[in-house]
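Working notes, beginning with the structure itself.
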Amino acid sequence: MPELPEVETYRRYFEETSLNQPIADVLVEDTKLLTTDYDILSQKLKNKSFIGTKRVGKNLFAQLDAPFWLHFHFGMTGDLAYFRDNEDKPRFARIIFRFANGFKLGFLCPRKFERIGIIENVDEYLKSKKINKDALEISFDELNDILSHRKAPIKSVLLDQSTVAGIGNWIVDEVLFQARVHPEKLSFQLSDNKKMAIFESMRFVIQTAIDKQANYDEFPTDFLIHARGWGSTQMAQLIGKCPNCNEKVQIIKVGGRTTFLCPSQQKL
DNA sequence: GCGCTTGTTAAAGT
DNA sequence: AACTTTAACAAGCG
């Protein structure tokens, strides 16, 4: 699912495939996917080239050789795929950038929760959307200050992009598992030690996931993510089990989201 | 074929 | 007023 490590992987893919090549046109299957009117978007991108990228949390920004950017949000299922021949066109490529060299970049939108649109200024955009610093950029002091003043369950606070940008449902479960914090623990009640553990786990989990290009199978076997059953057959013995104590994991709802935890190591 | 899932946001609640 | 909670969104997948 496109959380920070996936979007970082997409960003690198975009850089490797789609820079410095004039855009011939943009095909859009469903204008619901656009946050800018099709006519304007199409006219602004035509004959321009992408010249660089920036990522904040789950948001990807592609800079044009013009005074604006294209913003991508991958929703829950978005992906990118670069291809040339129409017979290689991937499923769900509902938006296609056709480059002058004949290659194409498909923005895959299986569930239509994905969005793109033109923005003038990245910092202003982030501010207007209340998106705080990226999880790899925020300092401990700033995170500590926010966590100390919020009274919701820590899981909900960490999922809130105005706390820190880039954490999604599996990452927050992984971070809280590795920091040995119960997801329903109220944020302001956390000790300084636990907040530091959360900060360090957050950086470790995200950096590990980026290094493995978000291939869950390649994550260390002591990651809780394998309990979710997303992996291959080699991971099958880890489904539903705590990788540390082998106890059955608990599955609950926190803030409406499915939550995995080890009840013996994460206590309220 | 029903129910679950993902991230965000608007709306409702406190 | 400010923060928190909930539901809705779309559609593929098990």
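Quick note on labels: first sequence line is chain A, next is B, and so on, each numbered from 1.
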**Message:** Without decimals, in angstroms, what is the distance between A:Ile154 CD1 and C:dT5 P?
**Reply:** 12 Å
**Prompt:** Are A:Arg94 and C:dG12 close enough that a side-chain N or O sits under 4.0 Å from OP1 or OP2?
**Reply:** yes
**Asked** Which class fits the ring pair A:Tyr10 and A:Phe74: parallel under 30°, tilted 30 to 60°, perpendicular over 60°?
**Response** tilted
**Asked** Whole Å only: how far is the CD1 atom of A:Ile251 from the P atom of B:dC4?
**Response** 13 Å
**Prompt:** Is A:Phe92 touching bases, backbone alone, or none of the nucleic acid, heavy atoms closer than 4.0 Å?
**Reply:** sugar-phosphate
**Asked** Nearest 0.5 Å, what's the NE2-SG distance between A:His182 and A:Cys262?
**Response** 10.5 Å
**Asked** Heavy atoms under 4.0 Å, any strand shown: does A:Lys253 hit a base, just sugar-phosphate, or nothing?
**Response** sugar-phosphate
For nucleotides 8-10 of chain C, which of its nitrogen or oxygen atoms have a protein nitrogen or oxygen under 3.5 Å away, and what is each distance?
residue, atom, partner, partner atom, Å
C:dA10, O4', A:Arg111, O, 3.4

**Message:** Once you measure the plane-to-plane angle for A:Phe219 and A:Tyr216, does it fall in the parallel (<30°), tilted (30-60°) or perpendicular (>60°) bin?
**Reply:** perpendicular
**Distance in angstrom units between A:Arg115 CZ and B:dT8 P, rounded** = 12 Å
Strictly under 3.5 Å: I want the nitrogen or oxygen pairs between protein and nucleotides 9-14 of chain B, one per line.
residue, atom, partner, partner atom, Å
B:dT9, OP1, A:Lys129, NZ, 3.4

**Item:** Side-chain N,O (A:His73) to OP1/OP2 (B:dG7) below 4.0 Å
**Value:** no
**Request:** Compare side-chain N and O positions of A:Gln161 against OP1 and OP2 of B:dT8 and report whether any pair is under 4.0 Å apart.
**Result:** yes
**Request:** Rounded off to whole Å, could you give me the CG-to-P distance for the A:Asp79 and B:dT6 pair?
**Result:** 17 Å
**Over all atoms of both residues, closest heavy-atom pair of A:Asp192 and A:Asn144** = OD1-OD1, 4.4 Å
**Message:** What is the separation between atom CZ on A:Phe260 and atom P on B:dC4, rounded to the nearest whole Å?
**Reply:** 14 Å
**Request:** Check the distance between B:dT8's C1' and A:His71's NE2 and give it to me in whole angstrom.
**Result:** 11 Å
**Request:** Give the ring-plane orientation class for A:Phe99 versus A:Tyr82, where under 30° counts as parallel, over 60° as perpendicular and anything between as tilted.
**Result:** tilted
**Request:** Round to the nearest Å and state the distance from A:Lys58 atom NZ to B:dG7 atom P.
**Result:** 5 Å
**Complete:** Shortest non-hydrogen pair, A:Val181 vs A:Gln266, comes out as O-NE2, 3.0 Å
**Prompt:** So, the side chain of A:Glu174 versus the backbone of A:Ile225: is there a donor-acceptor pair under 3.5 Å, distance only?
**Reply:** yes
**Message:** As a test of reading the structure: which of C:dC3, C:dC13, B:dG7 is closest to the side chain of A:Glu3, going by heavy atoms?
**Reply:** B:dG7
**Asked** A:Phe260 and A:Phe177: ring pair (Phe, Tyr, Trp, His ring centres under 6.0 Å), yes or no, with the steps?
**Response** CA-CA 9 Å; A:Phe260 282 62; A:Phe177 168 71; over 10 Å; no
**Asked** If you look at every strand shown and take non-hydrogen atoms under 4.0 Å, does A:Gly168 touch a base, only sugar-phosphate, or nothing?
**Response** sugar-phosphate
**Item:** Interatomic distance, A:Trp230 CH2 vs C:dG14 P [rounded to whole Å]
**Value:** 14 Å
**Shortest side-chain distance from A:Arg150, nucleotide among C:dT4, B:dT8, C:dG12** = C:dT4
**A:Lys48 atom NZ, neighbour heavy-atom count above 12 within 6.0 Å** = yes
**Request:** Fit a plane to each ring of A:Tyr125 and A:His71, take the angle between them on a 0 to 90° scale, and name the class: parallel (under 30°), tilted (30 to 60°) or perpendicular (over 60°).
**Result:** tilted
**Message:** Looking at A:Thr258, I'd like to know whether one of its side-chain N or O atoms comes within less than 4.0 Å of OP1 or OP2 on B:dT5.
**Reply:** yes
